[in-house]
Amino acid sequence: MYPDERSLVKKMEGKPFILLGINSDPLEHLKETIKKEHMTWPSWSDGGTDGPIAKQWNVHSWPTTYVLDAKGVIRFKDLRGEQLDQAVEKLVKEAESAKQ
């Protein structure tokens, strides 16, 4: 998913959007992945598949994606590719309209 995430971050630059990553790999592997994949967004290590973030967010498969709106409400889950882009675009438009 890293290429799609990079593309989405670039496309949404300057808009009310942020991508946050939670990774189940060990911290050293995550550091290597950040460099290798040119990740420019924040990403945390959860310390494994049974880490505290995975438990709190009820994650049982990887990758799991949550798309939250500007109020922090989960609006979409487990979208990929074009569906993810469309969901993000919809919520960004909502956030921009709310600012006016």
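Quick note: residue numbers are just sequence positions, from 1.
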For a side chain to side chain contact (heavy atoms under 4.5 Å, CB included) with Leu8, tell me which candidate from Glu5, Arg6, Lys10, Met12 qualifies. Met12
Tell me, please, which residues at least two apart from Lys93 pass salt bridge (Lys or Arg N to Asp or Glu O under 4.0 Å). none
Take atom CD of Gln86 as the centre, draw a 6.0 Å sphere, and report whether it contains more than 12 heavy atoms from other residues, nucleotides or ligands. yes
Heavy-atom distance under 4.5 Å between the side chains of Ile34 and Met39, does that happen here? yes
Shortest non-hydrogen contact between Ser45 and Pro26, atoms and distance: OG-C, 4.0 Å
Roughly how far apart are Gln56 CD and Ile53 CD1, rounded to 0.5 Å? 8.0 Å
Please report the C-alpha distance between Glu32 and Lys35 in whole Å, then the side-chain angles of each, then the deciding distance to 0.1 Å, and finally whether the salt bridge (Lys or Arg N to Asp or Glu O under 4.0 Å) criterion is met. CA-CA 5 Å; Glu32 292 172 17; Lys35 287 179 187 176; over 6 Å; no
Within one Ile-Leu-Val-Met-Phe-Trp-Tyr cluster: Val67 and Val59, side-chain cutoff 4.5 Å: no
Over all atoms of both residues, closest heavy-atom pair of Asn23 and Asp25: OD1-N, 2.7 Å
Can you give me the closest heavy-atom contact between Asp78 and Pro63, atom names plus distance? OD1-O, 4.1 Å
Atom CD of residue position Glu82 - does it have more than 12 heavy atoms of other residues, nucleotides or ligands inside 6.0 Å? yes
Looking at side-chain heavy atoms only, is the closest gap between Lys77 and Thr65 below 4.5 Å? no
Tell me whether Leu84 is reachable from Tyr2 by hopping between hydrophobic residues (I, L, V, M, F, W, Y) whose side-chain heavy atoms are closer than 4.5 Å. yes
Could you tell me the separation between the CD atom of Glu94 and the NZ atom of Lys99, rounded to the nearest 0.5 Å? 14.5 Å
A side-chain contact here means heavy atoms from C-beta on lying under 4.5 Å apart; do Val88 and Phe17 qualify? yes
Check each of Trp44, Tyr66, Trp41 against Leu20 using the side chain to side chain contact (heavy atoms under 4.5 Å, CB included) test, and report the only one that passes. Trp44
Asp85 and salt bridge (charged side-chain N to carboxylate O under 4.0 Å, His left out): which single residue from Lys11, Lys90, Arg80 fits? Lys11
Give the minimum heavy-atom separation between Ser43 and Leu30, together with the two atoms involved. OG-CD1, 3.8 Å
Would you say the side-chain atoms of Ser7 pair up with the backbone N or O of Pro3, donor to acceptor, closer than 3.5 Å? no
Minimum heavy-atom separation for Trp57 and Leu68, please, with both atom names. CH2-CD2, 4.2 Å
